[in-house]
Participant: 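First the structure, then my questions, so here it is.
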Amino acid sequence: MDYLNLTTKILVYSYDEASDSIKKLVDEAKKAIQTSYSPYSDFKVGAAVLLSNGEIVKGSNQENAAYPSGLCAERITLFTANSGYPEMPVEAIAIAAYHDGGFTDAPCTPCGACRQVMLEIENRYKNRIRVIMYGNDKIYEVASVKDLLPLSFGQEALGEKP
Ligand code: THU
């Protein structure tokens with residue numbers, strides 16, 4: 001019997017330290033918050049996806065009186081990107097959240113279901129997706145969705161060719 005030790009490398013930096021392209025993507029995610037429909041949680045989330053052709057696709061969370069019928073900003077944005085540009089790999093996604101009158105101090109980290117969807121997209125296009133999680137205090141960045149979802153379940157378990 002033994003332990004399996006898994007390590008995750010998360011890059012931590014401030015907005016001011018970010019490159020211009022990351023700043024732009026974060027700014028777009030923040031802008032997307034304006035379209036959030038979140039009367040139930042009042043937790044507004046915006047996401048911006050960078051495609052490999054340079055295009056940026058934005059989206060926000062959309063809620064529903066039947067709570068589970070709503071959807072997170074990340075999945076809305078990624079599905080919009082994939083349906084609009086089915087041939088285009090995703091290079092990066094930035095996520096930001098607004099609550100209690102301001103952007104959150106802590107980085108907005110995606111829920112488990114969104115991580116699973118991101119993983120499928122990473123596998124589908126055979127292209128690692130940088131995930132940039134914005135907070136006022138600091139930004140977290142991982143180089144691949146796999147860093148956010150260790151021991152994941154993917155197509156390979158089904159014997160499908162990813
Ligand atoms: N939400 C997102 O859109 N993304 C996240 O990463 C976390 C949660 C949404 C879902 C729901 O509309 C609200 O935030 C509160 O959970």
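In each ligand, atom 1 is the first atom listed, and ligand 1 is the first ligand listed. Predicted model, so just to flag it, every value in this text is computed and none were measured. Computed over heavy atoms, backbone and side chain alike; hydrogens, waters and symmetry mates excluded.
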Participant: Measure the distance from atom 10 (C) of ligand 1 to every protein heavy atom, then report the residue, atom name and distance (to 0.1 Å) of the closest one.
Facilitator: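 Result: Cys72 SG, 4.0 Å.
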Participant: Does atom 13 (C) of ligand 1 have a protein non-hydrogen atom under 4.0 Å from it?
Facilitator: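 Neighbour list for atom 13 (C) of ligand 1 includes protein heavy atoms (cut-off 4.0 Å).
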Participant: Is the shortest distance from atom 16 (O) of ligand 1 to a protein heavy atom below 4.0 Å?
Facilitator: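 It does not: no protein heavy atom is found less than 4.0 Å away from atom 16 (O) of ligand 1.
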Participant: Report yes if the side chains of Leu25 and Ile93 come closer than 4.5 Å at any heavy-atom pair, otherwise no.
Facilitator: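 Sidechains of Ile93 and Leu25: no contact.
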Participant: Surrounding NZ of Lys24 (heavy atoms of other residues, nucleotides or ligands, distance under 6.0 Å), is the total greater than 12?
Facilitator: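 No - once you tally the heavy atoms of other residues, nucleotides and ligands closer than 6.0 Å, there are 12 at most.
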Participant: List every atom of ligand 1 that sits less than 4.0 Å from any heavy atom of Glu63, numbering the atoms from 1 in the order shown and giving each element.
Facilitator: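 Checking each atom against Glu63, I get 11 (C), 12 (O), 13 (C).
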Participant: If we only count heavy atoms from C-beta on, is the Ile139 to Val12 side-chain gap below 4.5 Å?
Facilitator: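 No, every pair of side-chain atoms sits at 4.5 Å or beyond.
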Participant: Considering only heavy atoms of Pro110, which atoms of ligand 1 have at least one such atom less than 4.0 Å away?
Facilitator: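 Counting atoms of ligand 1 from 1, those under 4.0 Å from Pro110 are 6 (O).
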Participant: Could Lys30 and Phe103 be counted as a cation-pi pair, given that NZ or CZ must be under 6.0 Å from the ring centre and within 45° of the axis?
Facilitator: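 That pair qualifies as a cation-pi contact.
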Participant: Are Leu71 and ligand 1 in contact, using a heavy-atom cut-off of under 4.0 Å?
Facilitator: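 For ligand 1, residue contact (heavy atoms, under 4.0 Å) with Leu71 is absent.
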Participant: Note the single closest protein heavy atom to atom 5 (C) of ligand 1, along with its residue, its atom name and the distance in Å.
Facilitator: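 Atom 5 (C) of ligand 1 sits closest to the protein heavy atom Glu74 OE2, 3.4 Å.
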Participant: Just which atoms of ligand 1 are under 4.0 Å from any heavy atom in Thr109?
Facilitator: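 The atoms of ligand 1 under 4.0 Å from a heavy atom of Thr109 are 6 (O).
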Participant: Find out whether the Lys NZ or Arg CZ of Lys23 is both under 6.0 angstrom from the six-membered ring centre of Tyr15 and within 45° of the ring's axis.
Facilitator: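 Cation-pi check for Lys23 and Tyr15: passes.
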Participant: Could you see which bit of Gln62 sits under 4.0 Å from ligand 1, with heavy atoms only: side chain, backbone, both or neither?
Facilitator: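 Contact part for Gln62 vs ligand 1: neither.
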Participant: Could you check whether any side-chain heavy atom of Tyr140 comes within less than 4.5 Å of a side-chain heavy atom of Ile132, counting everything from C-beta outward?
Facilitator: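 Sidechains of Ile132 and Tyr140: no contact.
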Participant: Could you please spell out the steps behind the side-chain hydrogen bond (donor to acceptor under 3.5 Å, both in side chains) verdict for Ser36 and Asn61?
Facilitator: CA-CA 5 Å; Ser36 166; Asn61 59 328; 2.7 Å; yes
Participant: Looking only at distances, please establish whether an N/O atom of ligand 1 is found under 3.5 Å from an N/O atom of Ala73.
Facilitator: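 Ala73 vs ligand 1: N/O contact under 3.5 Å present.
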Participant: For atom 9 (C) of ligand 1, what is the nearest protein heavy atom, given as residue, atom name and distance?
Facilitator: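 Scanning the protein heavy atoms, the shortest distance from atom 9 (C) of ligand 1 goes to Asn61 ND2, 3.5 Å.
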Participant: Compile the donor-acceptor pairs under 3.5 Å between side chains in residues 108-121 and protein atoms, sequence neighbours left out, one pair per line.
Facilitator:
residue: Arg115; atom: NE; partner: Pro110; partner atom: O; Å: 2.7
residue: Arg115; atom: NH1; partner: Leu148; partner atom: O; Å: 3.1
residue: Arg115; atom: NH2; partner: Pro110; partner atom: O; Å: 3.0
residue: Gln116; atom: NE2; partner: Phe153; partner atom: O; Å: 2.8
residue: Glu120; atom: OE2; partner: Gln155; partner atom: NE2; Å: 3.3

Participant: Considering the options Thr77, Val57, Val90, which one meets the side chain to side chain contact (heavy atoms under 4.5 Å, CB included) requirement together with Asn82?
Facilitator: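 Looking at Thr77, Val57, Val90, the match for Asn82 under the side chain to side chain contact (heavy atoms under 4.5 Å, CB included) is Val90.
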Participant: Is the closest N or O pair between Ser41 and ligand 1 shorter than 3.5 Å?
Facilitator: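 No; the residue has no nitrogen or oxygen that sits under 3.5 Å from a nitrogen or oxygen of the ligand.
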Participant: Does some non-hydrogen atom of Cys114 fall short of 4.0 Å from ligand 1?
Facilitator: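 No, that is not the case, since the closest heavy atom of the residue is not under 4.0 Å from the ligand.
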